[in-house]
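Only a predicted model underlies this, so the values are computations on that prediction, with no experimental measurement involved.
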Amino acid sequence: MSLYTVAHEQDKFRAAAADGLAMTHGLPVQSPAAGAQDFRGADLLRIGEECLRRNNYPGNLSSKPQIADAMLKSMNRPEAAVGNDDLTNIVKDVANKSLLKGYQESPRTFLPIIRQVSASDFKTIYGVALSEAPDLELVNEHGEYKSGELKDKNENYSVKTYGKIIYLTRQMLVNDDTGALTRVPQMLGNAAARRESDEVWALITSNPTMNEDGKTLFHTDHGNLEDTTADKGHVDSTKLQAARAAIRKQTGPNGATLDLQPRYLIVPVAQETDSEVVARSRANPEDNKNSQVYNPWTSLIPIAEPRLDKVSEDAWYLAADPNQVDLIEMAYLGDSDEPYIEQEPMFQRDATGFKVRHEFGAGVMDYRGLFKNPGA
């Protein structure tokens with residue numbers, strides 16, 4: 001049998017065992033590998049024994065403790081960390097599926113208001129000042145085109161590493177408690193999504209200082225903070241008029257009219273119902289308006305976020321479309337925008353480790369597309 005055939009059969013076995021184990025624990029598998037049904041319902045100890053026998057393990061495999069010991073020895077070998085161990089690959093595959101399920105199914109309400117980019121390293125990332133793009137100038141017949149340039153903004157941030165190590169222990173294997181192999185990574189996937197939300201919404205609620213002028217993100221000098229007493233308070237049609245006008249009147253650093261269009265109505269959960277009534281009613285919901293009066297707010301998309309309630313149940317925000325103006329930028333390290341798992345050999349304990357890592361960063365790039373009403 002050729003080495004290619006052996007490698008191909010090994011890959012088929014790994015895929016079938018991983019998909020079967022994933023389905024056993026209720027993880028979604030879009031197109032199960034051939035033979036996956038043979039492993040559906042099998043516990044990890046049985047799959048581990050099969051891996052060991054396929055690799056001609058010379059020791060005794062007649063009891064659960066012996067199989068568990070052999071499994072950990074196999075997964076803790078140096079070659080296992082670089083993908084040359086069947087069992088390690090199967091376990092990592094299933095743990096990764098669980099991790100991504102938890103991550104992808106967790107709510108991240110900030111996604112519509114960010115611009116996502118990739119970063120190649122941990123160096124400081126500077127936003128590009130798109131609002132400073134020079135205006136187009138008239139070119140007369142035989143005239144020359146004048147050059148313009150884009151400048152880097154002073155606003156910056158960097159990618160950071162977040163992570164945790166989880167363990168698959170000898171006791172878990174002997175007790176067939178391998179549901180932890182899926183439950184724990186799924187919870188860590190939830191945690192990765194929560195961490196993103198914590199970081200992004202903190203940029204809004206903490207009102208950070210902008211490097212452009214040394215003033216806070218929401219500031220009366222920026223024209224994006226409601227300071228008229230009559231227009232302060234919970235979201236309604238009248239207060240939205242003032243907020244929309246402020247965003248529409250924003251100008252770029254060189255005085256260019258940006259004509260930004262409000263797109264997202266961002267509120268704490270305490271005002272979620274109010275925001276939905278305002279934005280989703282067919283007619284203007286304002287008091288004393290009849291059912292034939294057009295509702296001008298149906299183009300707004302409500303976003304309700306509980307992290308805002310922890311800071312203020314009264315404050316709410318408007319945001320323009322991030323395709324029109326920079327708002328918040330989020331960078332992920334490398335090609336992946338999701339958390340992932342690496343195997344970590346553990347020689348000092350009866351366990352093997354799996355390191356969950358998530359690397360990202362976020363920063364506010366411009367104040368002009370954001371508006372805050374602090375409430376009454």
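- Residue pairs meeting the salt bridge (Lys or Arg N to Asp or Glu O under 4.0 Å) criterion with at least one member in residues 186-209, sequence neighbours excluded, are R108-E196, R195-E199, D198-R307.
- Checking D314 against H234 by side-chain atom types alone, a donor-acceptor pair falls below 3.5 Å.
- A donor-acceptor contact closer than 3.5 angstrom links the side chains of N55 and D86.
- Taking the ring centre of Y167 as origin, the terminal cationic atom of R349 falls inside the region bounded by 6.0 Å and 45° from the ring axis.
- Side-chain contact check for S275 and W316: no donor-acceptor pair (N or O, by modelled atom type) lies under 3.5 Å.
- In this model, no donor atom of one side chain and acceptor atom of the other lie less than 3.5 Å apart for Y162 and E359.
- Here H358 and Y103 bring their ring centres to under 6.0 angstrom of each other.
- A 6.0 Å sphere centred on CG of N60 holds more than 12 heavy atoms belonging to other residues, nucleotides or ligands.
- Using modelled atom types, one finds a donor on one side chain and an acceptor on the other under 3.5 Å when comparing E338 with Q104.
- One hydrophobic cluster holds both L44 and Y57 under the rule that ILVMFWY side chains link at heavy-atom gaps under 4.5 Å.
- Using modelled atom types and a 3.5 Å distance limit, the side chains of H222 and D213 yield a donor-acceptor pair.
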Stepwise side chain to side chain donor-acceptor pair (under 3.5 Å) check, Q343 with T352: CA-CA 8 Å; Q343 199 261 351; T352 191; 2.7 Å; yes

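- Linking ILVMFWY side-chain heavy atoms closer than 4.5 Å, directly or via other members, places I114 and V267 in a single hydrophobic cluster.
- Cluster membership check: L100 does not share its hydrophobic cluster with I90, using side-chain heavy-atom separations under 4.5 Å among Ile, Leu, Val, Met, Phe, Trp and Tyr.
- In terms of heavy atoms, A33 sits closest to A16 at CB-N, 3.8 Å.
- A side-chain donor from one of W201 and T109 sits under 3.5 Å from a side-chain acceptor of the other.
- A donor-acceptor pair shorter than 3.5 Å cannot be found between the side chains of S281 and N295.
- We find that K12 and E9 are joined by a salt bridge, their nearest charged nitrogen and carboxylate oxygen being less than 4.0 Å apart.
- Aromatic rings from F218 and Y317 are positioned such that their centres are separated by under 6.0 Å.
- Using modelled atom types and a 3.5 Å distance limit, the side chains of Q66 and S62 yield a donor-acceptor pair.
- Judged by distance alone, the side chains of N156 and T124 never bring a donor and an acceptor atom under 3.5 Å apart.
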